[in-house]
Amino acid sequence: MRILKNGLLFVRVAGSVALAATLALNNGVALAETATVRVGIANTSSDVGFFIADKKGYFKQEGLNVVFTPFNSAAKMVAPLGAGQLDVGGGTVSAGLYNGIARGINVRIVADKGSIPPGYGYSAVLVRKDLIDNGKFKSFADLKGLKVAVGAEGTGTASALNEALKKGGLKYSDVQVVTLGFPQHLMALGNKAIEASMTNEPTVTQAVNEGVAVRFATNDTFYPNQQVAVVLYSDGFIKGNPIVARKFMHAYVRAVRDYNDALKDGKLAGANATEVISILAEYTQIKDPAVYRAITPNGCNPDGHVNMASLEKDFQFFKEQGLIEGNVSVGQAVDRSFVEAALKDLGPYVRRSK
């Protein structure tokens with residue numbers, strides 16, 4: 001119950017009265033109560049929507065106090081999301097997410113966080129430069145029998161490698177798959193522990209610049225529009241705080257639109273690129289703005305929609321690999337309602353030209 005006394009707004013909580021906000025009655029402005037939202041991040045550039053919304057005050061304008069917690073991968077966020085220790089998470093869709101849902105962990109995919117539209121080959125097949133130079137590697141078919149690194153099994157990266165192999169008439173079992181964190185791909189290529197890798201930025205650009213690998217093919221050419229990262233909501237956030245969950249999405253979609261304004265010709269070179277690069281340098285471990293200007297950034301749907309066809313394709317790959325446990329479907333994992341609510345307020349995306 002809210003009680004107004006002498007220009008002060010009080011809130012009665014558990015039988016006691018607490019000061020909630022001071023009403024500026026002379027100008028009609030009231031300080032809103034804030035809600036804390038706990039967000040798991042992977043500390044990658046695809047977290048940019050979260051970072052922009054925080055830096056530019058979009059979360060604050062919605063009355064949200066957002067607390068970020070870093071994780072090595074989205075797969076490690078599933079349990080905390082299921083236990084109610086996180087409200088929101090973001091990262092790669094994995095077989096582990098679907099298996100968690102099958103076990104009753106009601107985490108849901110609610111928005112796009114990273115995708116690969118044509119021209120934005122954020123991921124790429126890297127091949128050791130010496131194999132290209134000596135002519136031993138000329139086509140996708142030459143991947144057969146090679147040691148090829150991915151970030152982790154049962155993820156979109158592994159599914160992307162599978163799509164690349166199809167271009168050479170190969171199956172996933174035709175290569176020796178090695179799992180390494182993306183930064184480790186650089187070292188493994190350099191010391192010839194692997195012959196190729198399916199790698200994300202900024203490791204792709206680093207490997208090319210250091211002369212250890214060639215960017216043989218980018219993901220947008222052999223698996224365009226792949227859904228590489230998503231925003232996740234916990235069941236408790238969806239059911240227990242639906243208003244707050246809608247506010248979070250409203251702020252997030254605004255931020256993603258700012259990010260899209262910064263994209264141009266496959267680079268961060270759009271109208272507000274300097275601002276977005278500055279935010280990335282502040283919030284991530286890569287502090288050199290030149291790195292962000294050089295890399296190929298990920299795409300992200302400015303209306304927040306996820307690519308269902310891509311999610312289905314990756315899910316089928318996970319099933320073929322025997323990684324899906326229990327009865328679960330992609331449809332069970334996706335909740336579009338929060339994006340749709342945000343779009344009712346924001347309307348369709350209109351790109352800023354300058």
Side-chain angles (χ1 to χ4, degrees), residues 35-54 59 64-115 122-123 150-159 179-183 200 226-241 244-245 248-249 251-252 255-256 283-285 298 300 304 306 310-311 314-315 318 323-326 328 330 332-336 338-339:
T36 296
V37 181
R38 300 157 298 174
V39 181
I41 59 173
N43 260 340
T44 67
S45 59
S46 70
D47 290 320
V48 65
F50 298 152
F51 299 153
I52 292 171
D54 187 56
F59 288 138
L64 307 179
N65 173 40
V66 172
V67 179
F68 295 123
T69 301
F71 288 79
N72 290 334
S73 71
K76 295 185 178 180
M77 300 179 199
V78 174
L81 282 164
Q85 297 164 347
L86 288 176
D87 302 304
V88 180
T92 304
V93 178
S94 67
L97 170 65
Y98 294 114
N99 291 336
I101 293 171
R103 295 194 301 269
I105 299 175
N106 293 319
V107 177
R108 292 293 180 266
I109 296 167
V110 293
D112 182 10
K113 180 173 169 284
S115 47
Y122 173 74
S123 299
V150 298
E153 287 282 23
T155 64
T157 308
S159 181
T179 57
L180 296 170
F182 294 123
N200 288 349
Q226 185 187 15
Q227 187 69 59
V228 294
V230 296
V231 178
L232 304 167
Y233 275 6
S234 72
D235 186 56
F237 194 49
I238 291 171
K239 295 179 180 177
N241 293 290
V244 174
F248 184 95
M249 187 60 67
Y252 175 75
V256 164
Y283 279 77
T284 68
Q285 296 176 346
N298 63 277
C300 191
V306 294
S310 171
L311 291 177
D314 290 349
F315 180 79
F318 301 152
L323 300 174
I324 298 296
E325 304 164 0
V328 64
V330 173
Q332 286 177 256
V334 179
D335 184 338
R336 301 182 182 90
F338 295 97
V339 160

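One is the number of the first residue; the rest follow in order along the sequence.
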Where [X] and [Y] come nearest, the two heavy atoms and their spacing:
X: A152; Y: A158; value: O-CB, 4.0 Å
X: C300; Y: V256; value: SG-CG1, 3.8 Å
X: A111; Y: V339; value: CB-CG2, 3.8 Å
X: A255; Y: A53; value: CB-N, 3.5 Å

Side chains of [X] and [Y]: closer than 4.5 Å at any heavy-atom pair?
X: D112; Y: V231; answer: no
X: P80; Y: F71; answer: yes
X: N99; Y: I324; answer: yes
X: I109; Y: V93; answer: yes
X: F182; Y: T44; answer: no
X: V37; Y: F59; answer: no
X: K113; Y: D47; answer: yes
X: I41; Y: T69; answer: no

If you measure from [atom1] on [X] to [atom2] on [Y], what distance do you get to the nearest 0.5 Å?
X: F315; Y: L97; atom1: CZ; atom2: CG; answer: 10.5 Å
X: I105; Y: S234; atom1: CD1; atom2: OG; answer: 11.5 Å
X: Y283; Y: S45; atom1: OH; atom2: OG; answer: 15.5 Å
X: L323; Y: Y98; atom1: CG; atom2: OH; answer: 12.5 Å
X: Q332; Y: I101; atom1: CD; atom2: CD1; answer: 7.5 Å
X: D335; Y: I238; atom1: CG; atom2: CD1; answer: 5.0 Å

Do side-chain atoms of [X] reach the backbone of [Y] as a donor and acceptor pair under 3.5 angstrom?
X: D87; Y: R38; result: yes
X: R108; Y: R336; result: no
X: E153; Y: T155; result: no

Measure up the Y233 and F338 rings against each other and bin them: parallel (under 30°), tilted (30 to 60°), perpendicular (over 60°).
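Y233 vs F338 ring planes: perpendicular.
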Parallel, tilted or perpendicular: which fits the ring planes of F50 and Y252, with parallel below 30° and perpendicular above 60°?
tilted
Please report the C-alpha distance between T36 and V67 in whole Å, then the side-chain angles of each, then the deciding distance to 0.1 Å, and finally whether the side chain to side chain contact (heavy atoms under 4.5 Å, CB included) criterion is met.
CA-CA 7 Å; T36 296; V67 179; 4.0 Å; yes
Please say which of L232, V107, L81 ends up in a side chain to side chain contact (heavy atoms under 4.5 Å, CB included) with L86.
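For L86, the side chain to side chain contact (heavy atoms under 4.5 Å, CB included) check succeeds only for L81.
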Q226: which residues meet the side-chain hydrogen bond (donor to acceptor under 3.5 Å, both in side chains) condition with it, sequence neighbours left out?
N219, D314
Is it the case that the side chains of N298 and S46 hold a donor-acceptor pair, with the cut-off being a distance below 3.5 Å and no angle test?
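Not at all, the side chains of S46 and N298 share no donor-acceptor pair under 3.5 Å.
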